[in-house]
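As structure tokens, the structure follows; a few thoughts come after it.
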Amino acid sequence: MHTITLQDYDIKIGDFRALLHRLLSERNYTKIAVLVDENTRTHCLPTVAEVLHDFNYFVIEIPSGESHKNIQTCTEIWRQMMDNNADRHSLTLNLGGGVIGDMGGFCASTFKRGMDFLQMPTTLLSQVDASVGGKLGIGFNHVKNSIGVFNNPQTVLIDAAFLQSLSEREIRSGFAEIIKHALIADAEHWQKIRQIQDLKTVDWTAFLLPSLKIKQAVVEADPFEKGMRKALNFGHTVGHALESHALESESSLLHGEAVAAGMIAEAYLSVGNAGLSQEEFTEIKDFITRIYQPAPVAESNFSELIHLMRKDKKNAGSEINFTFLEKIGKAKINGSAEISEIEASLKSISSDS
Ligand SMILES: NC(=O)c1ccc[n+]([C@@H]2O[C@H](COP(=O)([O-])OP(=O)(O)OC[C@H]3O[C@@H](n4cnc5c(N)ncnc54)[C@H](O)[C@@H]3O)[C@@H](O)[C@H]2O)c1
């Protein structure tokens, strides 16, 4: 078992069973509300229930997917908490991906003015990213994560065994955040990542630990996203625009797939705007292309994508805000670029440049 100690809580990485049992025995919660979706109920709940059967728990199942991360689902979660007599001395155990963690944490933080919650992330994305940093929330009015709070869990329990039932596409999507963490803060970790040939055979625990340490360091330096935490946005200005555009056009693009393409574009922009060498840009692009094979971005979509980048909540004023790379392992926040350069960066995602 590996432990990462944050200011308010620990992240534990390894077999969760003994630890969960000890934690629940020590805390003596009145009730445990276990939040799952249909997939984590099937694939993850059975092993967790082996521990839970010594405690007073009930299961709340919600439908999977981002489209259910909204106030209607919260209402259903709060209703079931109330029907099961949960109170301020109860615990919510979030067993699932980022949707369950963000929404379950938000519901727990607001039910009866707040109860404890525990994160047990079951996707690679949520293990490496969504479970750290205290951001909780839901979508509202078609804007992702527009309602929410910052609040920390009691503990995060990360067990890579849960990833065995996750599809290869979801694994690849989560992997983008691991790549990003290395590119913004750890050149040595990047060199190890570059050796990966086949995502199916990776020992994820070995890659989760350094990645979580990077996220921890960045989040602790800037818990409320006033400055350095923006380093985590590398790949996300272009990535979010690609993701939103895909949603509007109902084509299928996962978050990490969009961020992977966004990292190529923003590494391209880093060459002219932050001093990234052409060699390092090529190294980044070659690896990401090998893993993700990003689709070309049609020139007819450039203006809509730039419009979406302008709407990004990270911008101050009308300028599009980027995080660039000075070199592999070192990010530079609050960058900007000319529109013609941004267009060229969109071309760079799939061209030979
Ligand atoms: N709070 C943060 O800092 C933060 C950071 C990044 C992302 N997020 C949020 O996370 C969400 C995306 O997270 P996600 O990619 O985990 O999505 P998700 O929760 O929708 O999970 C993806 C899919 O995998 C299924 N699944 C989960 N675990 C499984 C398992 N072990 N085996 C089989 N299937 C499994 C789910 O049912 C779902 O269908 C977004 O809402 C995003 O806003 C939050």
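In what follows, every heavy atom counts, from backbone to side chain, and hydrogens, waters and symmetry copies are set aside. Just so you know, ligand 1 is whichever comes first in the structure, and atom 1 is the first atom listed for that ligand. No experiment lies behind these values; they were computed from the predicted model shown.
Protein residues with any heavy atom under 4.0 Å from ligand 1: D37, N39, T40, H43, C44, S64, E66, K69, G97, G98, V99, D102, T122, T123, L125, D129, A130, K135, K144, N145, F162, S165, L166, E170, K215.
A salt bridge does not link D37 to R41: none of the charged nitrogens lies less than 4.0 Å from a carboxylate oxygen. Under a 4.0 Å N-O distance rule, the pair E26/R22 qualifies as a salt bridge. K31 has no carboxylate O lying under 4.0 Å from a charged side-chain N of D87, or vice versa, which leaves the two without a salt bridge.
In the model, R169 has a side-chain atom that pairs as donor or acceptor with a side-chain atom of S252 under 3.5 Å.
Contact record, W78 with C107: NE1-O, 3.2 Å, taken as the closest heavy-atom pair.
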Going by atom type alone, with no hydrogens or angles, which donor-acceptor pairs under 3.5 Å involve a side-chain atom of residues 161-168 and a protein atom two or more places apart or on another chain?
residue	atom	partner	partner atom	Å
S165	OG	F162	O	3.4
S167	OG	E170	N	3.2

